[in-house]
Amino acid sequence: MQVSLAMARQAVSLVSSLADLEHPDGFAEMVLPGLDRVVGSDVLTYNEVGPAAGQVHYTDYPAGALAPATQMIFAAHVHEHPLINHYRATGSGEAMTISDFLSQRQFHRLGLYAEFFRPIPVEHQIAISMLGPDGEVIGIALNRRRGDFTETERAVLGLLRGPLMAALLRARNRQLAHSALNTTRPASLATLTDRETQVLELVALGRTNTAIAHTLEVSPRTIAKHLEHIYRKLGVASRAAAAARSAQGH
């Protein structure tokens, strides 16, 4: 795989821009134009497809490229989508194209193509995905009218999938943490000292020990010691459990 310097720079810039994303609502508006700069496409979408009929939502780029009414059309035919069916069956979110599963003739026979893709128009699609809560498929799709996606573009999207999906999960956890920390504290959290509370809040926001230490101007070893005290007081054995206890109890 030979990746151009410009493509590599755009990919690094995109991942770096997501480091401080605090809310999942801002994910699509940052990622879609960033991916377009990495892998040029005609239309890009961030998609959330639930397990039940009609549970479909997507954000498009360029904004307004897809008419609002098309969401209902897509929902009606989503069961035909080979990539979504593959992700649900395997749990694999690797970069895949529609042409990995269907010939052009087979694709054109789908109601999904006739009612949704053809009017846009879309002839080629590549997507990365992950399974969300309760079987929800969360994915990013890149679409073109002409020219299927290359193996280099597939490889780059495959490399970006991990950092992008991690950023989305981190933003979702931060949103939950922010909401939780604005409500009443339970008795178990009331036993924490002010400094331990600060540490737990930063853990709930997804910060590493090193990042927390930098913020509080102490050593990572000191943060580790605070976490030991927090685990004991909350009756948990890990930072993930402590963060979950914080979110559930606030």
Side-chain angles (χ1 to χ4, degrees), residues 6-7 9-11 13-50 52-85 87 93 95-99 102 104 107-108 110-130 132 136-150 153-154 156-157 160-161 163-165 167-169 171-172 175:
M7 179 182 282
R9 284 176 172 169
Q10 291 291 354
S13 176
L14 172 58
V15 172
S16 298
S17 71
L18 293 169
D20 296 322
L21 180 66
E22 296 288 342
H23 197 286
D25 286 352
F27 180 78
E29 66 182 41
M30 294 180 69
V31 168
L32 297 184
L35 277 179
D36 192 33
R37 290 189 291 270
V38 177
V39 179
S41 307
D42 296 321
V43 179
L44 299 90
T45 57
Y46 166 76
N47 312 272
E48 296 177 354
V49 181
Q55 291 182 329
V56 170
H57 172 76
Y58 57 72
T59 302
D60 56 358
Y61 177 83
L66 305 179
T70 60
Q71 300 229 17
M72 295 179 60
I73 298 172
F74 184 74
H77 294 280
V78 70
H79 63 281
E80 298 178 326
H81 201 301
L83 300 185
I84 293 174
N85 291 336
Y87 296 144
M96 302 291 289
T97 66
I98 287 180
S99 59
L102 301 175
Q104 201 77 353
F107 181 42
H108 287 176
L110 297 180
L112 176 68
Y113 173 80
E115 300 295 327
F116 181 75
F117 282 120
R118 183 168 60 185
I120 296 174
V122 168
E123 294 293 335
H124 307 281
Q125 182 181 93
I126 191 169
I128 52 176
S129 181
M130 71 176 185
E136 177 188 37
V137 175
I138 300 170
I140 301 169
L142 295 82
N143 305 280
R144 287 177 180 163
R145 181 179 182 179
R146 293 188 178 90
D148 207 349
F149 294 87
T150 68
E153 291 168 331
R154 184 201 298 267
V156 170
L157 287 172
L160 284 172
R161 176 186 174 271
L164 294 185
M165 296 308 176
L168 177 59
L169 290 176
R172 287 187 166 192
Q175 178 194 19

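As the structure is a computational prediction, the values presented were derived from the model and not from experiment. The figures that follow rest on heavy atoms only: side chains count, while hydrogens, waters and symmetry mates do not.
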So how far is it from [X] [atom1] to [Y] [atom2], rounded to the nearest 0.5 Å?
X	Y	atom1	atom2	result
Glu29	Leu21	CD	CG	9.0 Å
Ile98	Leu112	CD1	CG	7.0 Å
Phe107	Arg118	CZ	CZ	11.0 Å
Leu32	Leu14	CG	CG	9.5 Å

#### Entry: With sequence neighbours excluded, residues passing side chain to side chain contact (heavy atoms under 4.5 Å, CB included) with Asp25
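Result, side chain to side chain contact (heavy atoms under 4.5 Å, CB included) vs Asp25: His23.
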Least distance between heavy atoms, [X] atom then [Y] atom:
X	Y	result
Ala141	Ala127	CA-CB, 4.0 Å
Leu168	Met130	CD2-CE, 3.8 Å
Ala95	Leu157	CB-CB, 4.2 Å
Pro33	Ala28	CD-O, 3.8 Å
Ser99	Asp148	OG-OD2, 2.7 Å
Ala114	Pro119	O-CD, 3.8 Å

#### Entry: side chain to side chain contact (heavy atoms under 4.5 Å, CB included) assessment of His124 paired with Thr97
CA-CA 7 Å; His124 307 281; Thr97 66; over 6 Å; no
### Query
Parallel, tilted or perpendicular for His81 and Phe74, by the 30°/60° rule?
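The arrangement is perpendicular - the two ring planes meet at more than 60°.
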### Task
Run the numbers on Asn143 and Ile126 for side chain to side chain contact (heavy atoms under 4.5 Å, CB included), then give the verdict.
CA-CA 7 Å; Asn143 305 280; Ile126 191 169; over 6 Å; no
### Task
List the steps and the verdict of side chain to side chain contact (heavy atoms under 4.5 Å, CB included) for Leu110 and Leu102.
CA-CA 10 Å; Leu110 297 180; Leu102 301 175; 3.7 Å; yes
Salt bridge (Lys or Arg N to Asp or Glu O under 4.0 Å) partners for [X], two or more places apart:
X	answer
Glu123	none
Glu115	none
Arg161	none

### Message
Measuring only between side-chain heavy atoms, which start at C-beta, is Phe117 closer than 4.5 Å to Gln125?
### Response
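With C-beta onward as the side chain, the pair touches.
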### Query
With side chains defined as the heavy atoms from C-beta onward, is the minimum distance between Phe149 and Arg154 less than 4.5 Å?
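Side chain of Phe149 against side chain of Arg154, heavy atoms only: no contact under 4.5 Å found.
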### Message
When you measure from the side chain of Glu153 to the backbone of Thr150, do you find a donor-acceptor pair of N or O atoms at a distance under 3.5 Å?
### Response
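Confirmed, Glu153 side chain pairs with Thr150 backbone.
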### Task
Would you please indicate yes or no on a ring centroid separation below 6.0 angstrom for His77 and Phe116?
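No, they do not, as the ring centres are separated by 6.0 Å or more.
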### Query
Which is it for Val49 and Glu136 under the side chain to side chain contact (heavy atoms under 4.5 Å, CB included) test, yes or no, and what are the steps along the way?
CA-CA 6 Å; Val49 181; Glu136 177 188 37; 6.0 Å; no
### Message
With side-chain hydrogen bond (donor to acceptor under 3.5 Å, both in side chains) as the rule and sequence neighbours excluded, what pairs involving residues 57-71 come up?
### Response
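Listed by first then second residue: Tyr58-Thr70.
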### Message
Among Leu83, Ile140, Val137, Ile84, which residue satisfies the side-chain contact (heavy atoms from CB on, under 4.5 Å) criterion with Ser129?
### Response
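Answer to the side-chain contact (heavy atoms from CB on, under 4.5 Å) test with Ser129 among Leu83, Ile140, Val137, Ile84: Val137.
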Let me have the donor-acceptor pairs involving side chains of residues 40-47, under 3.5 Å, with sequence neighbours excluded, atom names and distances please.
{"unit_1": "Ser41", "atom_1": "OG", "unit_2": "Val39", "atom_2": "O", "d": "3.1"}
{"unit_1": "Asp42", "atom_1": "OD2", "unit_2": "Arg145", "atom_2": "N", "d": "2.6"}
{"unit_1": "Thr45", "atom_1": "OG1", "unit_2": "Asn47", "atom_2": "OD1", "d": "3.2"}
{"unit_1": "Thr45", "atom_1": "OG1", "unit_2": "Asn47", "atom_2": "ND2", "d": "3.1"}
{"unit_1": "Tyr46", "atom_1": "OH", "unit_2": "Glu48", "atom_2": "OE2", "d": "2.7"}
{"unit_1": "Asn47", "atom_1": "ND2", "unit_2": "Thr45", "atom_2": "O", "d": "3.3"}
{"unit_1": "Asn47", "atom_1": "ND2", "unit_2": "Gly139", "atom_2": "O", "d": "3.3"}

